[in-house]
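Notes to accompany the following structure.
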Amino acid sequence: MTPRVRASLEWVAVHAFAVAATLFFVLPFVFVALTALMTDQQSLSRDLWPNPFQWHNLVDVWQTPGFGTWWRNTLVYAAAGTVLTVVSSVPVAYALAHFRFRGRRLAMMMVIATMMLPPQVVIIPMYLVWAKQLHLSGTLWPLIIPLAFGDAYSIFLLRQFLVTVPREYLDAAKVDGAGELQVLLRVVLPMIKPAIAAVALFQFFYCWNDYFGPQIYTSENPGAWTLSYGLGTFKSAHHTNWNLTMAATLLVMAPVIALFFMAQRAFIEGVTLTGVKG
Amino acid sequence: MPLTGSRDRTSSFLDQRVLDVSARRRETLRNLAFLSPWLLGTGLFFLYPLASTAYFSFTHYNGFGTATWDGLDNWRFVFADYPFFWPALRNTLWLVVVMVTLRVVAGLAIGMLVIRIKRGAGLLRTLFYAPFLAPPVAGTLAFVFLLNPGTGPVNTILGRLGLGEPGWFNDPAWSKPALTLLALWGVGDLMVIFMAALLDVPKEQYEAAELDGAGSVSRFRFVTLPHLRPILGFAVITGVIATMQYYTQPLIAGQVASGQIGGSGQQVEPGYPAKSTLTLPQLVYNLGFQRFDIGAACVIALVLFALSMAFAAALMRRDSVFLGGDG
Amino acid sequence: MTRTPRRRLLAAIAVLSLPLAVGACTGDSGGGKTDNPDADVTITFWHGWSADSEVAAIQATIDAFEKDNPNIHVKVVGGITDDKINQALRAGGPQAPDVVSSFTTDNVGQFCSSGAFADLSSFMADSGVDPAATFPSAQLSYTQYDGNQCALPLLSDAYGLYYNKDAFAAAGIDGPPKTMSEFDADAVKLTKTSGDSYSQLGFMPTYHGYESSISHLAAQWSPTYFTADGKSNVAADPMFAQAMEWQKGLVDKLGGYAKLEKYRNTFGDEWGAKNPFMTGQVAMAIDGEWRAGMIQADAPDLDFGVAPFPVPDDQADTYGKGYITGTIVGIASTSQKQNAAWRFVKYLTTDTDAVVNFANAIHNVPSTIDALASPDVSQDEAMQTFIAIASNPASNTTPASPNGGAYQLTLQDVGYAYESGKDSDLKAALTKAAEQIDTDIAQAQ
C-alpha cells in the first residue's frame, strides 16, 4: 500500500468516525425536539417526523402550573449557591495554597475526602436536623445554607490554580504594606478570574442539575421544587405522554446548553484544569 | 513541611525571636479566619453527620420518638437479609467494569478524533461536549424515550433496518447497557481532558518514533500512552468514585420505564426492571426515606462511605500531585 | 507533622458539633387534643388528588365545611404522595399537615403502629360516632391496625372488568366472562396480531399493565396474606400460586411476555386521555370505578360495559367480588389543632351529603353505610355495578402491615420473575418470599 493510499484511507476512516460520533451526540437532541412537537397520538406511534408540527406543546408546558415556580426556585438555588460557594471557598483555597501551617496536609486530605463523599452518606442525620430540629424541610434553605461553608470541589479547584500564582507577586504586595486580605482581594483575585469563572459555572450547573438535594428537602412542598425535581415528576403528575414530556425536557435542557454556548471557553478551561493540573 | 508560618528567612534568628511569638499567634488567627468557613462546614456537614450516621447504624429508629440501641441487628439485616443489597453491589461492580472502562476508552478515542480533524474541530468539540451539561433528569428522560422498546426512535430505526429490537430500560439484561449509552453520551468532560493531555505530548517524540519506522499503532503504544498514564489513572478513579454516587439516572430511568412514577398510592419498586438498576445510593433513599428504617439506611451509608474513601485513598496515593504543589 | 495540633483541630471540631449532637437527641414536641375548636384557626390538609376536576371536587367539599364552621379555615396542599406524607409527619413543625389523606391503605399499619396518626377512637366516642354503625366493615378494617383506629375511610374504590362492547360484538362474544377460563378464551378471541405486535389486545395481563398488579388480580382468589399470628401466608395459601399460574398461562396464550411488554410500551399514560382501554388498544381491562368517569370525559364515543372481574372456575359461586381499597384520612399526631382537625375529618368522612356529593363528583364509591343507601348516589349503571362489588361480602383487600406495602413489593417481585420466565420454580420463590416478608417485618419492629 502506497503512503498516499494509506493516507486517504486514514482520512476516510477518521471522517467516517467523526460523522458517526456526531450523529451519536446530536441525534438525541434532534429526536427530543421532534417528539416535543408531535401530537399525543403520534408520540405513541413509531413516527419519527411530526405531522402536523404542534408548536403549542411548548407553550402548554411552559404554562403548566408550577413550571414558573420551578424556574424561579432553580434560579434562586443556583444563583445564591454560586455566590455563596465562591465567596466562602476563595479564602479557604488561598490559605491552603499559600499559608504554611501545621495540619495543612491533613486539611487538604479532608478537602479531597469531602469532595469524594457521596451526598447520601451523611444525608440522614442532615435531614433529621433540617427537618426535625430546624423545621426547614420544604424550603430551599437546607440546599443553600451549606454552600456558605465552602464547597470542597471548588476549594480544591481554586487551590490548584492558586498554587500557580508566583509567590513573588504576593511578597511584593506585602512589602508595600498590604495585609493578607488586601493581597487576596487586590492582587490575587484579578489573577485567578478564569478559575473563579470556572468554579462559578460548575457550581451553577451543579445546583441547576441537582436532583437528590431537592428530592430530599423540597419534595413535600411543590412551591419549593426545582426544575430537575419537577421534571422528574412531570410525566406522572400531569399524566402526559411522551410529546409533552419531551417538550418539558427540552425546556429544561435549553437554558444550560445556551449558557454553555455563551461561556464555552471558561468551561473548557475549567474542565482541563480539573484533569491536567490535578 | 515547615512547622511554623512563613517568615523572612534572611532575618537574624535571635532578632526575630521575641517578635515571633506574637507574630505566630497573629498568623494562627489569620489562618483560622481564612479557613473558618471550611472548618465550620466540615464539622457541621461532614464530621457530625458522619458520627451520627455511625451511631444510628446501631439503633432501631423509624423517625418517630427516639432511637433505641439495636446492636448489630441492622448490619446483619443488610448483609444477610436485605434483598436489595447484593444486587446493588453487583450492579455497581458491573458499572465500574463496563461503564467506567467504556467511558475512558470513548473519551480518549473521541479526543484523539477531534485532534486529528483539521476543519471544524472547534464545532465538533462544542457538539460533543454539550450533552455532558444536559441536566441528568432531562438526559435520562430523553434516553428512556429514545430507547422505548415500543415507540422509541432507536428501535424504530433498528426495526426498519431489520435488526433486533432490545428491550433496553425494560429488560434486565439491557438496562445497564442502556445506562452506559447514556453515560457515553455525556463523555464530553473526559474528551476535553484527554484533548488537553494529547496536545501536551511533545511533537519531537512522534517524529523520532516515525524516523525509527514506528507505525501509528506503536506510536500510540510507545509515545502517546506513556504520556497519558497519569490522566488515564485520574479518569478511571474519578469515574469509579462517580459510579459510587450514581443515583439520579438509574432512579429516573427505572421509575419512568416501569410506568410507575411514584404517583400517590402506588408502590414504587426500586431498581426496575428486576433490580437491575439498583445502586447503593438508591438503597439509602429506599431504606431511609421510604421505609424509614433509619438504622439500616445508615449501614448502607457507611458501606458507601468506606468504598468511596478507599478509592479516594487510592487516588491520593498514586497522584501525589493531588496533595502536592507545595512549591 | 506533630501530633498535638491535629488533636486540637479535632477537639475544636468536636466542640463545634456538640450542640447539634445534643439537639438531635431531644424528643419531638408532641401535639395533642387541647386546642379549642371554636376559636379562629387554620388547619392544613394534604391530599393526593391532582386532576383539575378532582381538585375542584375536594375544594367544593371544603368550601361547604368552611361555610358550616366559619371559624375553621382549611389550607389545602394537593398532589401529595405517601413518601412525602411519611417525611412530613416525621418532620413536624409549623409547615406540617394537620389532616392527611392517602390514596393507599398500604401505609395504615405504619401510620398507626408508629403513632404518626392520632388514635381517633376517643374523638369518635366524644362526638357520638359509632364506627360500626357508620362505616362498612371492610372499610373499617383497612383503616385500623392492631385495634388502633388511626384513620377513617374517605370514599372507597372497587375493581372490576371494563370491556369494549364494539370489540365484543365484532368477536361474537355475548356478554362479560364470569370465570377465568371464559375470560382467557375471550381474551384470545379479542386479540388481533399485526406483524410482531398487536392491532388489538384482548387484555394486558403483565403485572406492569397499569392496574393488573398481583394484589388486584389475586383478590379474585380471596387469598389470605397473613396468618393469625402475623406471619406471611403467601407460600402456605395455594391461592397465590394459583393466581400467578393463571396469569402466566394467559401471558403465554396471548403471545408471550416479551411481545406483550413491547406492546405495553406503546400505551399512553394510565391517567391521561390515551389510556389503552380508552384508545381501543386493549379490549378488556381491570380498573377502578373512576375509569368510567374518565371515559365519559375523554372518550365519550367508547361503547363500554362494566362487570365484576371473573373468578376462578372452582369459585364460580363467588362471582361478584373484587379488590377493594380506598382513600384514607387521619390526623397527624404532631398537630396542635387536633380538635379542629377532627371536626373537619368528621365532616369529610361521616356527613352523608358531603360523602355523596364528593363521591359523585369524582366517580368514587361512597364509604359510609348511609351514603351508600342514599338516593342521591349516582344511579349510573357502571357506578351501581361497583357499589355492588364494594358491598359484596367476599370482596377483599390487602391488609395493613407495620412496614407499609413492602410485602406487596416482595410478592410482586416473585410475579415479575415468574411472568418473564426468569424463575420457573414458583413454589420455591413463594417460600423465599414468605421468609423475606417475615424478616422485613421483624426488622421494621
Side-chain angles (χ1 to χ4, degrees), chain A residues 14 17-18 21-22 25-26 28 31-32 44-46 48 88 91-92 94-95 99-102 105 108 110 112-114 116-118 120-126 146 149-150 155 163 180 205 209 211-212 228 231-232 235-236 242 245-246 249 252-253 256-257 260 264 268 271-272 275-276 278, chain B residues 2-3 5-6 30-31 34-35 37-38 40-42 45-46 49-50 52-53 110 113 116-117 127-128 130-131 133-138 141-142 145-146 151 153 156 189 192-193 196-197 231 234 241 244-245 247-248 252 261 263 281 284 288 294 297-298 301 304-305 308 312 316 322-323 325:
Chain A
V14 165
F17 183 31
T22 308
F25 286 110
V26 174
F31 282 125
V32 167
L44 296 169
S45 74
R46 291 206 140 190
L48 296 177
S88 62
V92 179
Y94 181 67
F99 296 173
R100 316 238 146 178
F101 54 92
R102 292 171 185 138
R105 206 179 151 78
M108 246 342 256
M110 291 277 287
I112 294 171
T114 337
M116 307 285 180
L117 191 76
Q120 288 83 5
V121 169
V122 292
I123 193 66
I124 287 168
M126 287 323 306
F149 294 89
I155 293 172
V163 289
E180 285 291 353
F205 269 72
N209 292 345
Y211 176 81
F212 183 67
S228 270
L231 181 64
K235 196 167 186 304
S236 63
W242 282 115
T245 309
M246 286 301 109
T249 304
V252 174
M253 273 183 184
V256 265
I257 304 291
F260 163 63
Q264 232 191 101
I268 305 277
V271 180
T272 313
V276 177
Chain B
L3 295 179
S6 62
R30 180 202 69 188
N31 293 350
F34 273 73
L35 290 171
W38 177 75
L40 275 169
T42 306
F45 305 114
F46 178 39
L50 189 63
S52 185
T53 299
I110 303 276
L113 170 75
R116 298 195 71 163
I117 298 279
L127 289 179
F128 295 177
L133 295 172
V137 176
L141 275 172
F145 161 71
L146 291 168
T151 58
T156 301
D189 57 333
V192 171
I193 290 172
I231 297 297
F234 172 85
I241 287 163
M244 292 295 140
Q245 312 188 4
Y247 176 79
T248 308
I252 298 284
I261 327 183
V284 175
I294 286 171
C298 286
L304 197 54
F305 174 70
S308 306
M316 285 188 258
F322 239 88
L323 285 168

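Order of the sequence lines fixes the chain letters, A, B, ..., with proteins taken first and strands second; residue numbering starts at 1 for each chain.
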| message | Angle between ring planes, A:Phe99 versus A:Tyr94, binned at 30° and 60°: parallel, tilted or perpendicular? | response | perpendicular
4.5 Å side-chain heavy-atom contact, B:Phe145 and A:Thr245:
no
Applying a strict 4.5 Å limit to non-hydrogen atoms, the region of A:Leu44 in contact with chain B is backbone
When the 4.5 angstrom heavy-atom criterion is applied to A:Met253 and chain B, the contacting part is both
Okay, A:Ile257 and chain B: the region with an atom under 4.5 Å from a heavy atom over there is side chain
Of A:Ser228, A:Gly150, A:Pro125, the largest count of non-hydrogen pairs under 4.5 angstrom with chain B goes to A:Pro125
Chain B shares the most heavy-atom pairs under 4.5 Å, among A:Thr249, A:Val92, A:Leu48, with A:Val92
Honestly, the part of B:Leu146 sitting under 4.5 Å from a heavy atom of chain A is side chain
One option among B:Leu35, B:Leu133, B:Thr53, B:Ile117 has the most heavy-atom pairs under 4.5 Å with chain A, and it is B:Leu133
Under 4.5 Å to a heavy atom of chain B? For A:Ser45 that would be backbone
Of the listed A:Ile124, A:Thr114, A:Val32, the one with the largest count of heavy-atom pairs under 4.5 Å with chain B is A:Ile124
By ring-ring contact (aromatic ring centres under 6.0 Å, His included), A:Phe205 pairs with (sequence neighbours left out) A:Phe267
Taken in chain and number order and not counting sequence neighbours, the residues that satisfy ring-ring contact (aromatic ring centres under 6.0 Å, His included) with A:Phe17 are none
task = Give a yes or no on whether A:Arg46 atom CZ has more than 12 heavy-atom contacts from other residues, nucleotides or ligands under 6.0 Å away.
result = yes
Highest number of heavy-atom pairs under 4.5 Å with chain A among B:Ala301, B:Gly41, B:Pro37, B:Gly288 belongs to B:Pro37
Does some side-chain heavy atom of B:Leu127 sit less than 4.5 Å from a side-chain heavy atom of A:Phe25? no
Hey, does A:Val122 have a side-chain heavy atom less than 4.5 Å from the side chain of B:Phe45?
no
Bottom line for A:Gln264: the part with an atom under 4.5 Å from chain B's heavy atoms is side chain
Of B:Val192, B:Leu50, B:Asn31, the largest count of non-hydrogen pairs under 4.5 angstrom with chain A goes to B:Asn31
Note to self: Is the ring pair B:Tyr247/A:Phe212 parallel, tilted or perpendicular, if the boundaries are 30 and 60 degrees?
What the structure shows: perpendicular
Next on the checklist: Is any side-chain heavy atom of A:Met246 closer than 4.5 Å to one of B:Leu141?
Outcome noted: yes
The interface call for B:Phe305 against chain A, heavy-atom contacts under 4.5 Å, is both
